[in-house]
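First the structure, then my questions, so here it is.
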2 protein chains.
Amino acid sequence: MASRAKATIFDIAREAGVSKSTVSLVLQGSGLIRPETAVKVRKAIEDVGYVYNRGAANLRKAHSNVIGMVINDLTNPFFAELAVGMERVFQSAGIVPFIANTAENPVRQEEVLKSLMEQGVAGLIVSPARGTTPGAFRRLETAGVPIVFAMRRLPESRIPVIAPDNHRGAYLATAHLIGKGHRRLVFFGGSPDLVVYHERLGGFREACETLGIAARDVLIIEGETSRKGGIACLETALTMAEPPTAALCFNDAVAFGALLALRKRGLEPGADFAVVGFDDVVEAEHYMPALTSVAVDSAGLGERAAHVMLKMIQSRTTRAEDHIGAVNLVVRESCGPDRRTRNRPAGPGVTV
Amino acid sequence: MASRAKATIFDIAREAGVSKSTVSLVLQGSGLIRPETAVKVRKAIEDVGYVYNRGAANLRKAHSNVIGMVINDLTNPFFAELAVGMERVFQSAGIVPFIANTAENPVRQEEVLKSLMEQGVAGLIVSPARGTTPGAFRRLETAGVPIVFAMRRLPESRIPVIAPDNHRGAYLATAHLIGKGHRRLVFFGGSPDLVVYHERLGGFREACETLGIAARDVLIIEGETSRKGGIACLETALTMAEPPTAALCFNDAVAFGALLALRKRGLEPGADFAVVGFDDVVEAEHYMPALTSVAVDSAGLGERAAHVMLKMIQSRTTRAEDHIGAVNLVVRESCGPDRRTRNRPAGPGVTV
DNA sequence: GCCTATAAATGGAACGTTCCAATAAATCAA
DNA sequence: TTGATTTATTGGAACGTTCCATTTATAGGC
């Protein structure tokens, strides 16, 4: 069915009795060729089992049609959702994005970026790895490759960013907690090497200040941005002299960890200690108790990022507006019932 | 710093005062060039901001260095783990795998495969989308591209498969349930269009038969392989005349759904109804109650798949042995305590 | 000092496309 | 018929690399 060596447009040309140029035209769907000829050529293509060589084509063509998606943690469902959103719009544009994972490792990110460049990508959507140095994208920028950052930004970069309104989200969540009567609050997880951390923490602080929480009652406990980190944060919070009664968590993973640690100690999340998450991953709704969280619409942000990228490519520019996505707090059960009419026995006591 | 048009080896050659061939040799790390010359060339490369054009190179070279990873559901943490395992070994081989998502859609899969082929991939690791037609990979096979299936297989294909021992895993889990005293069992979730379904269901059935469960006491409820599916399965199970007391779930997502539905009804997972999952995703350990599940070591399977692929590429063959990975049951809390000495108040009552 | 062996560097052809300019064929105006 | 116009098709050069066969420089043997 297929000869040993891979077929080229010359083979097709011979098979169909036309010239290579004609075949090329057919391949590109040009309207210049006579319909009957096109049919003949297409049949030949089928017969010889031809596969288009995009590398060769890119040698002549201005731009390739691959877009790279560089993601810092594939394992986080949050980013998977982002990816799904992007793919939705790229698919309808007839392009297949290639995803590469950096596993939160700047060195790996360097390799990935290099590889993608060598492949001749038309554009890059990147959620930069933690600890990315400011110069990491210089190479790409001078090469004129359109880049957009998704979800995360770099300290002093001019690359357009698509991200949720972290400050506002944190403010909203904190205000909710305060509205529930909490007066001693803590921020769980994350660390200052992440711009997002400052944004969320900033919202938390602003809410505390403007809503009248005394500075000595607002606590901050850094930690890993994972379940494990959340568990650790809660442990240290509860061993304090005057423990807080509510936590805003850096993200849902941290929140899940906190919930878990609470349960382990025999405390009732929501009733004995309020926790709110950030990101509102699908799981949040299904947790026990269901997690109150700041929804950021990651799939929507993914779509937006893809659109911006498409626009940049087509207008061959490397600049674009930032886009800060709306957020909203979805209230579930992890901050306790609205009414203060609970009457349950005290938890079995703190055991550590 | 960088001129407008992108630099080629000719530009480097001029800059360094050598020939293009010399530059090419340096690029390939050939030992033929004098060290001082190499240094000079490398400096020039840096100066002009050169980026290697792999497309052009592949025009001459036998094989490219891209490997594609085609995954049916990026959203499932299970597959993310698989991807992570693969990346680990590819990274140490100096190659960057490109991941593409098919979202369980055969049409999308077709596009993805086509795009990857055109890109000239050296090999493909694929977890085929549900409903993939038997001929979907013919094109690739005749083109001689090495392929390995991971986690899933196609009904009558000769492509090598790396997958867990689903049959044995299901057997183990079922035996555990029976050992706990359960006599009326159900299999939750999945549908017959998946080979994996038959394998797992087969193990379940065999265990029931050989361990003396009457045929009329083994139930099967098909459903989506998601939390939602699990919820639905449990609902229909409990409305039966003689409800089962234990379920083996198609995967952990289904199991989480079942656990959730149980809680919603005020039943205590483990005590009132036993559930065991399959895959042992990281989350299983952290669930409430912690989920007993069949561990398949997906990262390990990913590594194995990557190794097999590397071997195939280097020995330029398209055949390889299947590899069935060991599984083991990790017992946690979702099947109840070992001792039957529990004494807790009945749950707060069924509210739905 | 000459010949040979080795080491280092080079020019040219090839890879599979696209695109432009040019040709061939068909149609039309006179 | 002839020339002009439109419609289809075509050959050739170019894209940025690799690889082979040469050439040039360096060293070694006698």
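All heavy atoms count here, side chains included; hydrogens, waters and symmetry mates do not. Chain identifiers are assigned alphabetically (A, B, ...) following the order of the sequence lines, protein sequences preceding nucleic acid strands; residue numbering begins at 1 within each chain. This is a predicted model, so every value here is computed, not measured.
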Exercise for the section: Could you tell me whether B/E46 and A/R139 have a side-chain N and a carboxylate O separated by less than 4.0 Å? Expected result: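 Yes, B/E46 and A/R139 are salt-bridged.
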
Problem - Distance in angstrom units between B/L32 CG and D/dA25 P, rounded - result: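 It works out to 18 Å between those atoms.
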
Exercise for the section: Consider only side-chain N and O atoms of A/N58 and A/S64, and report whether a donor and an acceptor are under 3.5 Å apart. Expected result: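 Their side chains do not contain a donor-acceptor pair, so the 3.5 Å distance test is not met.
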
Handout entry: Ion pair check, B/E118 and B/K114, cut-off under 4.0 Å
Key =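 Yes, this pair counts.
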
Problem - Nearest-nucleotide comparison on DNA chain D, the residue closer to the 5′ end among B/F10 and A/T37 - result: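 Upstream on the strand: A/T37.
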
Problem - Span of DNA chain C in contact with chain A (heavy atoms, under 4.0 Å) - result: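 Both ends considered, the range comes out as C/dG16 to C/dC19.
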
Practice task
For A/I33, answer base if it contacts any base atom (sugar-phosphate contacts may also be present), sugar-phosphate if it contacts only those atoms, and nothing otherwise; contact means non-hydrogen atoms under 4.0 Å.
Solution key: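 The answer is sugar-phosphate, as A/I33 gets under 4.0 Å only of primed atoms, P, OP1 or OP2.
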
Exercise for the section: Please check if any side-chain donor atom of B/N72 sits under 3.5 Å from a side-chain acceptor atom of B/S127, or the reverse. Expected result: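 Per modelled atom types, B/N72 and B/S127 side chains form a pair under 3.5 Å.
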
Handout entry: Check: A/S21/A/S24 side-chain N/O donor and acceptor closer than 3.5 Å
Key =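 Short answer, no.
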
Exercise for the section: Grab the CZ-C1' distance between A/R34 and D/dT6 for me, whole Å please. Expected result: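 Taking CZ of A/R34 and C1' of D/dT6, I get 15 Å after rounding.
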
Handout entry: Nucleic acid contacts - residues 15-28 of chain B versus DNA chain C, non-hydrogen atoms under 4.0 Å
Key =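 Residues of residues 15-28 of chain B under 4.0 Å from DNA chain C: B/V18, B/S19, B/K20, B/S21, B/T22, B/L25.
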
Practice task
Measure up the A/F98 and B/F98 rings against each other and bin them: parallel (under 30°), tilted (30 to 60°), perpendicular (over 60°).
Solution key: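 Parallel, since the angle between the ring planes stays under 30°.
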
Handout entry: Closest-nucleotide ordering on DNA chain D, the 5'-leading residue of A/G31 and B/N53
Key =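 Residue closer to the 5' terminus by nearest nucleotide: A/G31.
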
Exercise for the section: Working to the nearest 0.5 Å, report the span between CD1 of B/I95 and CD of B/E87. Expected result: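 Rounded to the nearest 0.5 Å, the CD1-CD separation comes out at 10.5 Å.
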
Practice task
To the nearest 0.5 Å, tell me how far A/E81 CD sits from A/N76 CG.
Solution key: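 Output value for this atom pair is 9.0 Å.
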
